[in-house]
Amino acid sequence: MDFQPTQDQRDLRSGVRALLEGRYGRRELRAAVEAGAAVDRGLWRELGEAGLFALRLAESEGGVGLALPEAVIAFEEAGRALVPGPLVATHLAAGVVPGAAAGTAVVTAFDLGGDLVAYLGEADAVLGAAALPEGEPVRAVDPLTPLHRVVRPDGVHLDAYVPQGALLTAALQVGSALRTLELAVRYAGEREQFGQPVGAFQAVKHLCAQMLVRAEVARTAVYAAAVTGDRGEAAGAKLLADGAAVRNARDCLQVHGGMGFTWEADVHLHLKRAWVRAEQWRTAAEAEELLAEELLDSAG
Amino acid sequence: MDLTYTDEEQDFRARLRAWLLKALPELPARPSPDDWPGRRAYDLGWQRRLYEAGYAGLHWPVDAGGRGATPTQHLIFLEETERAGAPYVGANFVGLLHAGPTVAAEGTAEQRARWLPPVLRGEEVWCQGFSEPDAGSDLAALRTRAVRDGDDYVISGSKIWTSHAEVADWCELLVRTDPGAPKHRGISWLAMPMDAPGVTVRPLRTLAGSTEFAEVFLDEVRVPVANRVGAENDGWRVTMVTLSFERGTAFVGEVVACRRTLRELARTAKANGRWDDPVLRRRLGRLHGEFGALWRLTQWNVSESERSGGVPGVGGSVFKLAYSHARQDLYDVAAEVLGASALSLDEEWVQGRLSGLSYTIAAGTSQIQRNIVAERILGLPKGR
């Protein structure tokens with residue numbers, strides 16, 4: 001048993017991180033927020049060329065031929081960089097919807113509960129649906145996740161995509177949880193009050209320590225679920241990752257004090273996106289019910 | 001990232017499982033919790049069986065009499081013994097997981113020859129003399145004094161929360177050998193015989209009603225200088241070696257036990273109708289997810305220490321924080337499943353709920369663990 005990333009997996013992580021730092025750093029993120037531009041088609045194609053969408057497609061089909069563990073590592077980095085757009089749906093559509101694998105098509109999905117769908121205005125296709133439905137725009141809480149209210153067409157079956165959709169979304173959540181931890185630790189080390197960095201105060205230290213505990217437990221759950229491909233483990237991973245992303249963003253906001261409540265601090269962008277993702281593919285309530293059922297089955 | 005076990009590891013697991021199937025039915029009945037001589041005999045008897053079967057000191061180095069097993073094999077051992085319902089390490093805890101590894105790492109050849117074999121053979125029990133009434137979580141504030149007199153140290157002071165003190169042969173004792181030095185320096189690590197004149201043990205009653213631990217009073221106790229492990233005044237560093245062992249491996253078997261407990265709880269809830277309450281059912285589902293992740297975190301930490309050459313890292317603090325709180329949640333949910341029955345001390349669940357209250361305090365409180373995580377992993381500044 002060697003449950004540690006291989007050298008190839010570490011290289012993949014640093015490659016994706018370097019690409020995103022160069023192409024979608026803080027300046028690009030803030031510019032996108034100000035312009036209200038959710039999906040950057042140029043970036044989408046570059047992500048396609050780098051293999052993010054075709055990562056698990058067989059090489060014979062023009063893909064990279066890797067597996068779920070590599071996919072969650074890449075998605076963790078995308079979550080860290082807060083890349084907007086229907087990353088998970090487009091990845092799941094590779095090999096199914098023309099152009100998805102290469103990043104020339106933007107594919108969304110009915111992955112939210114209720115009658116809302118994300119990125120409808122920028123999408124070329126909806127996963128599993130024959131045509132793009134009509135929708136009414138809704139004022140969305142996350143400035144980079146536009147929402148439409150739609151009447152869902154009949155005959156859309158997403159069930160087969162749910163376990164992997166949930167797991168890849170969990171990976172995005174883990175990346176965000178680790179990033180807000182980093183932002184909190186950096187701020188706590190710089191900001192001085194009462195003559196010392198606020199990070200020297202136990203109350204602040206303990207917030208940060210709990211952020212690490214949440215993120216590490218969720219990250220291990222995501223990796224394990226990617227290795228085993230187990231449906232129950234993927235549900236557990238989503239549950240823990242949603243909690244880690246949302247609660248870490250809130251604690252990060254708290255560490256930033258009044259600054260954290262401003263539009264200028266990035267933390268609200270992480271929090272709002274974490275709220276969106278928590279509603280995607282598998283909610284906490286759904287994951288808990290699935291896990292309860294599995295527990296009872298295993299109890300015999 | 002790979003979660004499959006090698007052929008060698010699977011073979012090790014199969015042989016251990018077969019041996020446990022044979023050995024467990026031959027065990028005598030478990031003594032009652034407050035029968036200390038009985039518990040000592042029971043725990044040492046099991047240790048003897050492990051020794052004879054070649055499973056004693058599995059994770060100890062070969063030159064210390066151990067088996068030099070990999071961290072993964074040790075993980076399999078803890079998993080299988082817990083799964084089979086074999087006795088917990090019990091009275092041998094400090095000797096096997098704590099004092100033994102410390103003597104193996106820091107002791108002289110004579111010290112290793114004197115103290116290690118009796119631990120492995122199940123002949124001697126150790127206890128831990130670290131905590132003091134006035135020091136508490138500030139372990140380095142300890143005041144028990146050791147004054148050099150010829151070839152002896154003369155020791156006066158007191159220790160507290162000493163598990164198994166009543167039946168221990170040896171105590172790993174931290175003493176202050178230089179009162180003038182800064183508090184982390186000037187400490188030494190000694191092996192003290194518990195039958196030395198001047199040692200008095202007074203049992204303390206826990207909130208669970210048992211005498212789990214004791215206070216130990218030391219009145220001019222003479223301990224040979226030759227019993228010091230490591231250099232004089234270097235005991236803090238030796239202690240940190242010891243504590244990393246304690247936090248690294250102490251809870252592996254318990255995660256397995258908690259997952260079994262959770263399955264029993266689901267059966268109980270199904271039988272008494274509480275399973276139909278969606279709020280409670282969802283909390284059980286969440287715990288199933290959390291303990292599944294904690295088991296994976298255990299495998300992650302073991303894989304990491306295997307790569308780093310077997311030295312447990314500060315990741316143990318992350319694990320202890322997550323585990324100790326999750327275990328308390330588990331027993332709180334158990335009480336909800338049981339309803340008013342959870343008020344009866346005859347329920348096994350209630351003992352688990354009570355004993356679990358110590359998990360966020362013992363072996364470094366959650367507050368201390370958070371300081372460790374914040375300062376040593378995240379690099380936040382120390383407070384003034």
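Per chain, numbering begins at 1; letters A, B, ... match sequence-line order.
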Enquirer: Taking atom CZ of B:R263 and atom CG of A:D297, what is their separation to the nearest 0.5 Å?
Expert: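 Those atoms lie 12.5 Å apart.
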
Enquirer: Enter the distance from A:L296:CG to B:L284:CG here, rounded to the nearest 0.5 Å.
Expert: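 So the CG of A:L296 and the CG of B:L284 are separated by 9.5 Å.
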
Enquirer: At their closest point, which heavy atom of A:I73 faces which heavy atom of B:M1, and how far apart are they?
Expert: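 Looking at all heavy atoms of both residues, the closest pair is CD1-CE, 3.8 Å.
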
Enquirer: Could you grab the distance from atom CZ of B:R259 to atom CG of A:L295, nearest 0.5 Å is fine?
Expert: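 B:R259 atom CZ to A:L295 atom CG measures 10.0 Å (nearest 0.5 Å).
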
Enquirer: Can you give me the closest heavy-atom contact between B:A293 and A:V217, atom names plus distance?
Expert: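 Looking at all heavy atoms of both residues, the closest pair is CB-CG1, 3.8 Å.
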
Enquirer: Does any part of the side chain of B:H325, heavy atoms only, come nearer than 4.5 Å to the side chain of A:V213, both counted from C-beta?
Expert: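 Not touching, per the 4.5 Å side-chain cut-off.
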
Enquirer: Indicate the atoms forming the closest heavy-atom contact of B:R286 with A:A284, along with that distance.
Expert: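 Closest approach of B:R286 to A:A284: NH2-CB, 4.3 Å.
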
Enquirer: Do B:E290 and A:L239 come close enough that some side-chain heavy atom pair is under 4.5 Å?
Expert: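 Answer no - side chains too far apart.
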
Enquirer: Taking the side chain as every heavy atom from C-beta outward, state whether A:T228 and B:R296 have any pair of such atoms under 4.5 Å apart.
Expert: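 Yes - at least one pair of side-chain heavy atoms lies under 4.5 Å apart.
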
Enquirer: Please flag which part of B:T4 lies under 4.5 Å from any non-hydrogen atom of chain A: side chain, backbone, both or neither.
Expert: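 Interface part for B:T4: backbone (N, CA, C, O).
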
Enquirer: Which atoms of A:L207 come close to chain B, meaning under 4.5 Å heavy atom to heavy atom: side chain ones, backbone ones, both, or neither?
Expert: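 For A:L207, there is no contact with chain B at all, as no heavy atom is under 4.5 Å.
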
Enquirer: Using 0.5 Å steps for rounding, measure from the OG1 atom of A:T220 to the CG atom of B:L294.
Expert: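 Between atom OG1 of A:T220 and atom CG of B:L294 there are 9.0 Å.
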
Enquirer: Is the shortest side-chain heavy-atom distance between A:Q210 and B:L321 below 4.5 Å?
Expert: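 In contact.
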
Enquirer: Identify which part of B:E9 has an atom lying under 4.5 Å from any heavy atom of chain A, answering side chain, backbone, both or neither.
Expert: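 It is the side chain, since no backbone atom gets that close.
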
Enquirer: In terms of heavy-atom pairs under 4.5 Å, which option from B:T6, B:V302, B:T70, B:N371 contacts chain A the most?
Expert: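 The candidate making the most pairs under 4.5 Å is B:N371.
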
Enquirer: Report which part of B:L75 has an atom under 4.5 Å of a heavy atom belonging to chain A: side chain, backbone, both, or neither.
Expert: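 The side chain, not the backbone.
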
Enquirer: Given a strict heavy-atom distance threshold of 4.5 Å, which part of A:R10 is in contact with chain B: side chain, backbone, both, or neither?
Expert: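 Contact with chain B is through the side chain of A:R10 alone.
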
Enquirer: Only pairs of heavy atoms separated by less than 4.5 Å count here; which of A:G199, A:A221, A:A218, A:A287 has the most with chain B?
Expert: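 Highest number of heavy-atom pairs under 4.5 Å: A:G199.
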
Enquirer: Examine whether an atom of A:E233 lies under 4.5 Å from a heavy atom of chain B, and if so say whether it belongs to the side chain, the backbone or both; otherwise answer neither.
Expert: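 The side chain, not the backbone.
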
Enquirer: Measure the spacing between CD of B:E306 and CE of A:M1 and express it to the nearest 0.5 Å.
Expert: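 Reported to 0.5 Å precision, the distance equals 6.5 Å.
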
Enquirer: If I measure from the heavy atoms of chain B, does A:V227 come under 4.5 Å with its side chain, its backbone, both, or neither?
Expert: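 When you check distances to chain B, only side chain atoms of A:V227 fall under 4.5 Å.
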
Enquirer: Please classify the contact of B:E264 with chain A as side chain, backbone, both or neither, using a heavy-atom distance under 4.5 Å.
Expert: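 Contact with chain A is absent: no heavy atom of B:E264 under 4.5 Å.
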
Enquirer: State the NZ-NZ distance between B:K382 and A:K205, to the nearest 0.5 angstrom.
Expert: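 So the gap between those two atoms works out to 7.0 Å.
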
Enquirer: Name the region of A:Q4, side chain, backbone, both or neither, that has any atom closer than 4.5 Å to a heavy atom of chain B.
Expert: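 Contact with chain B involves both backbone and side-chain atoms of A:Q4.
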
Enquirer: Given that the side chain runs from C-beta out, which part of A:L68 has a heavy atom under 4.5 Å from chain B: side chain, backbone, both or neither?
Expert: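 Neither the backbone nor the side chain of A:L68 comes within 4.5 Å of chain B.
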
Enquirer: Which region of B:W275, side chain (C-beta onward) or backbone (N, CA, C, O), has a non-hydrogen atom less than 4.5 Å from a non-hydrogen atom of chain A, or is it both or neither?
Expert: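 Contact with chain A is through the side chain of B:W275 alone.
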
Enquirer: Return the minimal non-hydrogen interatomic distance between A:Y223 and B:W300, and the atom names on each side.
Expert: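 Looks like CD1-CZ3, 3.7 Å.
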
